[in-house]
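Working notes, structure below.
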Amino acid sequence: MIAAAAQAVLYSHTHSSSSSSISFPLKYSHAHLRRHAQPVLFISRRLNSLNVRCCASQSNTINKNDYERQQRKAPDLNTLFNRFWKVAAPYWFSDDKVQARLQLAAVFALTLATTGISVGFNFLGRDFYNALANKDEEQFTKQLVYYLCGFAGGIPFFVLRDYAREILSLRWRSWMTSYYMQRYLSDRTFYKIQSQSIIDNPDQRIVDDLSSFTSTALAFSLTLFNAAVDLISFSNILYAIYPPLFVVLLLYSIGGTAISVFLGKGLVNLNFLQEKKEADFRYGLVRVRENAESIAFYGGEDNELQLLLQRFTSAFENLTQLLISSRNLEFFTSGYRYLIQILPAAVVAPMYFSGKIEFGVINQSVSAFNHILGDFSLIVYQFQAISAFSAVIDRLGEFDDVLDSSRSNSPSDPMEQINLTYSYVKESQVLDSNGSVPANTSLRLLDVENLTLKTPKNNSTLVKDLSLMINEKDHLLVMGPSGSGKTSLLRALAGLWSTGKGKITFYVEDGGDAQPATSSDVASLEVNSANINKEFGRPINSNSRSVFFLPQRPYMVLGTLRQQLLYPTWAEQAILTSDDTKPAGSLPFLTRAPNSENVGANRSMPIPTTDDLTQVLEDVRLGYILSRFKGLDSVYEWSSVLSLGEQQRLAFARLLLSKPKLVLLDESTSALDEINEAHLYEKINTAGITYISVGHRRTLYAYHGRVLRISTADAEIEQCNWHIESIDRGTLHNSLKL
Ligand SMILES: Nc1ncnc2c1ncn2[C@@H]1O[C@H](COP(=O)(O)OP(=O)(O)OP(=O)(O)O)[C@@H](O)[C@H]1O
């Protein structure tokens, strides 16, 4: 029985694909495809039984699938290799490089040890079967003991090798996840990717592709290393037994590789599309969850079902193609795999019959042949995994390029880019040479000069040649027909859109000594602004003392009511762990330099206390939610449990806490009644906050001094499509009467 077990172990070593127990962890390996075949068939039957009304859309999907497949060209080897290096390299040269390299060396050493153990088992097997064939009981018992000792000493190396590899892969993945997320969330790359539909499913690339990449890249490099060592170790054995066997092996593996490359050439593309389609399907389901109430109000379930089934059908069609290609490849690889079990024995058998070799040598030659063939046949055995890995490299490489290009986004013609600068000004004001406060003492907050704003992709002009100036307490209302570009103007002011030309300058406080931003010293501020802009990338909402932006639909973060109120000015402090030193999101072994863009953003602002938070809720007439939701520290899905008007009031509470100099309000009171609207405007006015509001309601006139009217731009007409009016009591009276 023990001998049978020994043979089983030996068999598993000699017949394992790729000559070691390292296997590829990719999702669309053959095992994966087999596992998924059942549910796919089940859903296909279910589609039939439901008599789904999407036959037309199904055929559309099929055509679309074919189209997509033809459109997407598989990347060539050189591109793939470059992308692999670009994605893989940064970690090994990062802050964590010492640990990473040490662990990698340990994994390689363990792999080397396991190959040595395999060679040892090869010789043990030969002597074991020789003793058996010779009916030499004493020798047999001795070999049996050696075998058992070999197991006891050798097996831990195999287990530890796999464990060390997995741990290193996890560490690598953690670093890469953090690295990609930082780049994704900096410079508003996430916004550009989403608003301009640059690439599909970045979330899936961060979650799934990074995980596949790190584990497969490690497994693959170890497999290559293992194969090289194996080849050297076992080639000697095989060559010593019978040189022609070596020639047979070479011919067999080269032929096999060529055929499998030919049969599986479409798999890279299919795997790429499968990743995309599965992610699209999952994203569709997430959207249903996030928009549950709107869909329920519309009664849009049927439509959602059709859309989701359409996405699933698309994934299904592609997976079917993947299964067919894999099946064809599998016909070949199975034959290839099984033939080698008898091929070496058939070649050396004549030598055994003529008495030139012993019986155990046959077993040894089969074992050595399988090892070497496994090394030569990496591509045949792992073709599906390699093609899936290539798809992952392709997707991550593409993502990496987008992240890089977003950072180094320098337009070819700087005149065609809106120039947005932030100039520091000191808090108090300078006195005239005679010691009195100058007449023009109002603090400048914003200058817009000759701004022409265009939409990012199709470059259609929204606002032509706009110039305006905002001083403290100079509240401006922006009005105009729907689609004329009011929100887009705020986007440009917030730096989200930069297509067009002109200059926007914000004057932001640095909390230092006296230095005014009056018209007399604007020139000197402008000289400094280029440097300031570089040093201080994004003051909006992260330097709340200066500029704040409220979108129409307030964003409710995941977490407690306290976190809602502290967002975004004290967001980092709000998620500190209990020991108050480390953000809850930091990885145990990764110490990252804080993002320079955010450093110092709110150093000067003490974090509001519980009393401050309670008071501000009262100020925006939301005090009652404290008792309803059990205080400030309970977690709810705030965007679902608060009405839109309540969310808008909560957004004003954030604003009152942050006390910026200037706020940009995009229809921020659209869901509120007039009394609450008046109350909130009065509160922010009293708090000394200057505001630029976008809105349609006439009641808004009462809280603003001027109105900027934008009309829908006409491409044919050169003239400006805006004008500014003062709101005097007469205008106000007439408009309210209307
Ligand atoms: N990401 C985008 N890419 C291209 N065009 C866009 C994009 N977002 C908006 N637009 C277009 O820009 C124009 C101005 O949109 P904007 O949201 O600024 O209008 P608005 O005046 O605020 O309208 P409303 O009063 O209806 O909110 C619209 O025609 C819109 O279709």
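One-based numbering along the sequence shown. In each ligand, atom 1 is the first atom listed, and ligand 1 is the first ligand listed.
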Practice item. Please could you name the atoms of ligand 1 that Thr455 approaches to less than 4.0 Å, counting only its heavy atoms? Key: 4 (C), 5 (N), 12 (O)

Check your understanding: Less than 3.5 Å between some nitrogen or oxygen of Thr487 and one of ligand 1, yes or no?
Key -> yes

Review point. Quick one: does Gly480 get a heavy atom under 4.0 Å from ligand 1?
Key: no

Review point. Is it the side chain, the backbone, both or neither of Ile710 that has a heavy atom closer than 4.0 Å to ligand 1?
Key: neither

Exercise for review: Assess whether atom CZ of Arg628 is packed by more than 12 heavy atoms of other residues, nucleotides or ligands within 6.0 Å.
Suggested key: yes

With a cut-off of 3.5 Å and sequence neighbours excluded, list every side-chain donor-acceptor pair involving residues 463-470.
{"residue": "Lys464", "atom": "NZ", "partner": "Asp714", "partner atom": "O", "Å": "2.7"}
{"residue": "Lys464", "atom": "NZ", "partner": "Ile717", "partner atom": "O", "Å": "2.1"}
{"residue": "Asp465", "atom": "OD1", "partner": "Asn450", "partner atom": "ND2", "Å": "3.1"}
{"residue": "Ser467", "atom": "OG", "partner": "Asn450", "partner atom": "N", "Å": "2.9"}

Check your understanding: Under 3.5 Å, is there a donor-acceptor pair between the side chain of Thr686 and the main chain of Glu682?
Key -> yes

**Study point:** Among Lys454, Arg491, Lys486, closest by any non-hydrogen atom to atom 25 (O) of ligand 1
**Key:** Lys486

Exercise for review: Measure from atom 1 (N) of ligand 1 to every heavy atom in Pro481, Ser195, Ser460, Ser670 and give the option owning the shortest one.
Suggested key: Ser195

Point to revise | Sub-4.0 Å heavy-atom approach of Tyr191 to ligand 1 | key: no

Practice item. Count the heavy atoms of every other residue, nucleotide or ligand shown that sit under 6.0 Å from CD of Gln194, and state whether that count exceeds 12. Key: no

Point to revise | Atom indices of ligand 1 within 4.0 angstrom of Glu667 heavy atoms, with elements | key: 25 (O), 27 (O)

Exercise for review: May I ask whether Gln552 has any heavy atom positioned less than 4.0 angstrom from an atom of ligand 1?
Suggested key: no

Check your understanding: Judged by atom type as modelled, is there a donor-acceptor pair below 3.5 Å linking the side chain of Arg83 to the main-chain atoms of Asp401?
Key -> no

Exercise for review: Please determine, by modelled atom types, if Gln204 and Arg395 share a side-chain donor-acceptor pair under 3.5 angstrom.
Suggested key: yes

**Study point:** For Thr487, side chain to side chain donor-acceptor pair (under 3.5 Å) partners two or more places apart
**Key:** Asp666

Exercise for review: For Ser488, counting its heavy atoms only, list the atoms of ligand 1 lying under 4.0 Å from any of them.
Suggested key: 14 (C), 15 (O), 16 (P), 18 (O)

Check your understanding: Heavy-atom count around Leu285 CG within 6.0 Å, excluding the residue itself: above 12?
Key -> yes

Review point. Any side-chain donor paired with an acceptor under 3.5 Å for Asn685 and His475?
Key: yes

Point to revise | Gly485, any N or O under 3.5 Å of ligand 1 N or O | key: yes

Review point. Going by the atom numbers of ligand 1, which of them fall below 4.0 Å from some non-hydrogen atom of His696?
Key: 25 (O)

**Study point:** Gly483 N/O under 3.5 Å from ligand 1 N/O
**Key:** yes

